[in-house]
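All remarks here apply to the structure that follows.
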Amino acid sequence: MDVSDTIIAVSSPPGRSQRALLRLSGPDACSLLDLSEADRGCRRHVLDLPEGELPVLALVSRAPSTYTGDDLVELLLPGSRILIDHVQRHLHAEALRRSIRLRDASPGEFTARAYFNDRLDLLQAEGIASVIHAETDAQLSAGRNLSSGQLGSIATRLGDELTRLAALVEAGIDFTDQEDVVAIEPEALRTSLMTLATGLDQGLTDAVAIESLESFPIVVLVGRPNAGKSSLFNALVGRERTVVAELEGTTRDALREPLTLCLPDGVLEVMLVDVAGLGSKRAQDHQEVIEQAMVRQARRAIEDADLLVRCTPPDHEPLELPNHLTARVLDIRTKNDLCSELPDDPDLIGVSAPNGTGLQRVREAMSSALGGAPNVPAAGRLVLSARHDSVLRRCRESIGSTLELLDQPGGAPAELLAATLRSSLDEIGSLLGRITPDDILEHVFASFCVGK
Ligand SMILES: Nc1nc2c(ncn2[C@@H]2O[C@H](COP(=O)(O)OP(=O)(O)OP(=O)(O)O)[C@@H](O)[C@H]2O)c(=O)[nH]1
Ligand SMILES: [Mg+2]
């Protein structure tokens, strides 16, 4: 990535829109647009296109206090694809005429420049990518935590302490002849490292994997027509979302609604789906076109489910489900208020939609059937990507190696202790992007879109 060129990209989404945003960053961003040193902030600017003059709004920021750390100009233009093409072509032609090195930005290059210019660390850059790609509240909040430096400050504290310990160990190697330099005692080193190791172990155990925030488990309420599925659906989501009636076949389309299940350590968000009843004689006979379509849609929803909640009222046989399904099945007795006798099976979950009994048990049973792990972490809970997790684990391993050396009979040579401490520090450095191989940088910035 050549950071000495000036780069240009459309930062708004493709297609027609009210306004489009064209971004330029680099040493010649201002001179290409004939902006003087005094031209800063938001100002009217006229582009002298071959097709005619085009007035635009320009937001001019000067290095180093910009997003990229270089001069940055953002042009707000009418969102016409053809007009944007004309402006880009004009600016490229002008750059060529004036021997200015202007080129189209690659994905994430504006943020990569911010990283290379020390405007943000690698974790903050990854946080920005997560915010851009977020599709759920959980992903958005994880991205925000990352870009606001939640993991960065933990890594910095860890790195500072490892640096202090490594410096003390190395001081013992390099300056033993100087009286005022005291090498750290093995016991003091062990205590400090144990504190770091315990903190890391705890953090890694408590952290939530960012991948787990990507999609919600799908929970489908299944049963025969009139089994009380829609009534249970409404009771769980807490409003009259779907029609309930005595008539068999009331629900036709599959209805979806997010449902939040509270867990001791966070929240499990699921997509609850209500479908048409299955197993009715009429649909089996394939008489009615609408009913066939209803059954097809319900079957599709069942195939995609992570959990099937089978609803069976008292004195009815449970709906038989196809053998090939891999989703777990949770059996619920609906309309439990109609049941005169107490159930023999204490594990049987009975629920009554009109008076709300059993709903909490249904929620608990659903979350435990789905593994019981939160997919929306509690506020402040650490969210780690696979890269963060593996770097922290390698750092923990290196700390473990130093501790093993300290436990050796007769103690270990200070050089070896220093080497393992350095490895832990290198891992922390690679987390923040201070010591980062090019392939990791490429991987991180490739996940951005062009123009960011
Ligand atoms: N007493 C009692 N009646 C219920 C309960 N749940 C549902 N019902 C009644 O049972 C009938 C059918 O309820 P629905 O929720 O529409 O049943 P469904 O399984 O969605 O039916 P389809 O959409 O036709 O497959 C309605 O008259 C409801 O009022 C319950 O817990 N107790
Ligand atoms: Mg229904």
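Both counts, for ligands and for their atoms, begin at 1 and track the order of listing. Please read all numbers here as calculations on a predicted model, not as lab measurements.
Protein heavy atom nearest atom 17 (O) of ligand 1, with residue, atom name and distance: Gly228 N, 3.1 Å. Scanning all protein heavy atoms for the shortest distance to atom 30 (C) of ligand 1 gives Pro354 CD, 3.3 Å. Remark: minimum distance from atom 25 (O) of ligand 1 to any protein heavy atom is reached at Lys229 NZ, 2.8 Å. Nearest protein heavy-atom neighbour of atom 28 (C) of ligand 1: Val244 CG1, 3.6 Å. What sits closest to atom 1 (N) of ligand 1 on the protein, heavy atoms only, is Asp337 OD2, 2.9 Å. The protein non-hydrogen atom at the shortest distance from atom 15 (O) of ligand 1 is Ser231 OG, 2.5 Å.
In this structure, Thr312 OG1 and Lys229 NZ are separated by 10.0 Å, a value rounded to the nearest 0.5 Å. Rounding to the nearest 0.5 Å places CD of Glu74 at 6.5 Å from OG of Ser11.
Sparse packing is recorded around CD of Gln18, with 12 or fewer heavy atoms of other residues, nucleotides or ligands lying under 6.0 Å away. Around CZ of Arg422, the count of heavy atoms belonging to other residues, nucleotides or ligands within 6.0 Å does not exceed 12.
The closest approach between a heavy atom of Leu247 and any atom of ligand 1 is below 4.0 Å. At least one heavy atom of Ser352 sits closer than 4.0 Å to an atom of ligand 1.
At a 4.0 Å heavy-atom cut-off, ligand 1 touches Leu338 through the side chain alone. Here Ala245 has backbone heavy atoms under 4.0 Å from ligand 1, and that is the only part of it that gets that close.
For residue Thr251, an N/O/S atom approaches the Mg ion (ligand 2) to within less than 2.8 Å.
What you find for Ala276 and Thr251 is that their closest heavy atoms are CB-O, 3.3 Å.
In this structure, Thr195 contributes its side chain and Thr191 its backbone to a donor-acceptor pair below 3.5 Å.
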